[in-house]
2 protein chains.
Amino acid sequence: MVVTIRDVAQIAGVSISTVSRALASPDKVSAVTRVLVEDTARTMGYRANRAARGLVTGRTTSIGLVVPDLENPFFGSICKGVQARARSAGYSVFIADTDEDPSLEDEAVRNLTKQVDGVIICSARSTDAALQQAAGDGPLVLVNRALPGVPSITFDNGGGARVVMRHLIALGHRRIAYVAGPVTSWSNRERTLALQAFAAESDHVDLIELGNFPPVFSGGMQAADLAVASGATAIVAFNDLVAVGVIERLRQRGLQVPADLSVTGFDNVPVSTLVWPNLTTVDFPRIQMGRASVDALLDTVLHRTSIRPAITQIPVELVVRQSTAPPPQRA
Amino acid sequence: MVVTIRDVAQIAGVSISTVSRALASPDKVSAVTRVLVEDTARTMGYRANRAARGLVTGRTTSIGLVVPDLENPFFGSICKGVQARARSAGYSVFIADTDEDPSLEDEAVRNLTKQVDGVIICSARSTDAALQQAAGDGPLVLVNRALPGVPSITFDNGGGARVVMRHLIALGHRRIAYVAGPVTSWSNRERTLALQAFAAESDHVDLIELGNFPPVFSGGMQAADLAVASGATAIVAFNDLVAVGVIERLRQRGLQVPADLSVTGFDNVPVSTLVWPNLTTVDFPRIQMGRASVDALLDTVLHRTSIRPAITQIPVELVVRQSTAPPPQRA
DNA sequence: CTAATCACTGCAAACGTTTGCACAATGGAC
DNA sequence: GTCCATTGTGCAAACGTTTGCAGTGATTAG
């Protein structure tokens, strides 16, 4: 039924060791046998059994990827990057969607750990302790979350927050409202701290924190009215979806963006160019991040680089579109 | 280092066969040994090596999922459904993103076939012949594409197209433009045929086919002007993204939706509620489709049901929102 | 009390590879 | 012509499981 290395060896008239070597490490056999074996294998449609190979080598040439929500385009992009890089390195990707549930996340990691060469956890919702534990059980890379002692790839959230503030202040805004994301979100914490710091060291700039909101459209709808009441002339939203929600609510109240208020987002997801006005936002190169995480993981796996579990920070950049403008002139 | 079944057996004071049976088929050992083994295994942190098990059983308890583009939320949802259902059945999911490239798709399928129990291909871009071939190499389920002789899960594209037409005609529209998707798209073909048929059998209804456009925002931008020139009062777009593009271009030209023209989409992706006006569209229950595809696959894998490679059709429904209204009164 | 059945457990083979080691053949240096 | 190094190949063990088969007691029927 299925063709094994034994069949190839028999047809080619060599031993199975030779077949194995011809295909895996071509420089260990003579040129003529290599060609012979390669041809035989190809015509017979032979593909090495991964389970058998994994059993003896102890490696699976596959990695695990854990994400909170595959439906969220933010994570979709990261998956895409991970998948592409993994393939080009000859690795396959196991995927696990945790539905934003920390306990499912822990379980997924535990399940994966023993059956892959390494695991990438994206925007981990789990506790530091659980992650430390997981890192001890096998190669692990954290994406979009930093944890000392564990290799981590993050976006420069602080830099993104600062460049947004600089942009708004340059436009002339002095009262700026922040619609924060979930308290449990690591990146929200990073952004909040950077916004506060930047506001504190700028003259005559007030940062108004409106509180924490769900990181989705409806969260923005909720926050918009608070922002208006606060007298802010610019609103920094936790992410693009929230920004879109804010804009929609302002529209309903008859307020114009950016004429009456400026609004910014984070992430630069596709929807930011589908709404009117197009969003000024901070681009997070997610595919690149996916790729970088695979590189970091394979680095650990292959070279056993337990030396420097570095925290890599990927630079981000401001994308200025139509949702920001100078504040309205005081009457 | 890593704990094997042998270690568990030794500590528990039983043979490895007993450990294996206690964990895999608990009814084959006595109650007391079962508990003993289970406890020992748990405290030792034993997890069976999948490769070893797969080697002897010939099954991997994992399935492969091939999608054209993980960044596309349409496929993200399907992945989510597949993943969830697979987990609850004890299966893991290998994922492969083909970047919309048919040859990458073929390769991905070939790579996966030998290392998983079955493969699900989502919106296959490959040729019928290649798919037939793949179906011969192992269990295969097609999603969002129908192929005789291969188990397929599809949306009721025809039904969706008809319900849109009925809605627009009921509103009073008589000149309806269709912005078609890629010629290579199976679902586009299905929708086109249904629209044509429905228009043909309705009195005084003209279906204006504007041609094929990229299934994205810019495709809608391109098509909008043609639609206006055609004198249509309603525009049926191939999908939601195209519909959003159409609306944006109409807005730029000072035309109001739905006052001047009605616009509809397909898919009901999240963005359809983020734009103004919210889109009237056809909801495609994608997560459900993902789940159904796993069920179909496991059906084939487990019960070896080569009897009826059925083509399952998932019903769809119209979601009426703000982008459709009666046509403007003739002056 | 004997024989037969039954429930439980252990032995050992098998799954398809990779790889350390041994061996054979070849070629070059002296 | 001898010796050594080099190159290429094969043998066989090992990886961690599952599972058919056989064996051991215990239980039950006669």
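Within every chain, numbering begins at 1; the chains are lettered A, B, ... in the order of the sequence lines, protein sequences first and strands thereafter.
Side chains of S152(A) and T154(A): a donor-acceptor N/O pair is absent below 3.5 angstrom, by distance only. Counted by atom type alone, R50(B) and S92(B) present one or more donor-acceptor pairs between their side chains at under 3.5 Å. Side-chain N/O atoms of R85(B) and S88(B) include a donor and acceptor closer than 3.5 Å.
A salt bridge does not link D99(B) to R125(B): none of the charged side-chain nitrogens sits closer than 4.0 Å to a carboxylate oxygen. Salt-bridge formation is not detected for the pair K114(B)/D137(B): no Lys NZ or Arg NE/NH1/NH2 atom is positioned less than 4.0 Å from an Asp or Glu carboxylate oxygen.
In this structure, CZ of R34(B) is placed 11 Å from P of dT9(C), rounded to the nearest angstrom.
The neighbour count for Q10(A) CD, taken as heavy atoms of other residues, nucleotides or ligands under 6.0 Å away, does not exceed 12.
Interface limits on DNA chain D: the 5'-most and 3'-most nucleotides within less than 4.0 Å of chain B heavy atoms are dG16(D) to dG20(D).
Y46(A) and V3(A) make their closest contact through CD1-O, 3.4 Å (heavy atoms, listed as atom of the first residue, atom of the second, distance).
Note on T18(A): only backbone sugar-phosphate atoms sit closer than 4.0 angstrom, heavy atoms only; bases stay farther off. Heavy atoms of T4(B) sit under 4.0 angstrom from primed sugar atoms or phosphate atoms, though from no base atom.
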Report task. Take D106(B) and S126(B) through the side chain to side chain donor-acceptor pair (under 3.5 Å) test and state the conclusion after the steps. Result -> CA-CA 7 Å; D106(B) 289 342; S126(B) 187; 2.7 Å; yes

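Residues from residues 38-60 of chain A placing a heavy atom under 4.0 Å of any atom in DNA chain D, listed by number, are L55(A), V56(A).
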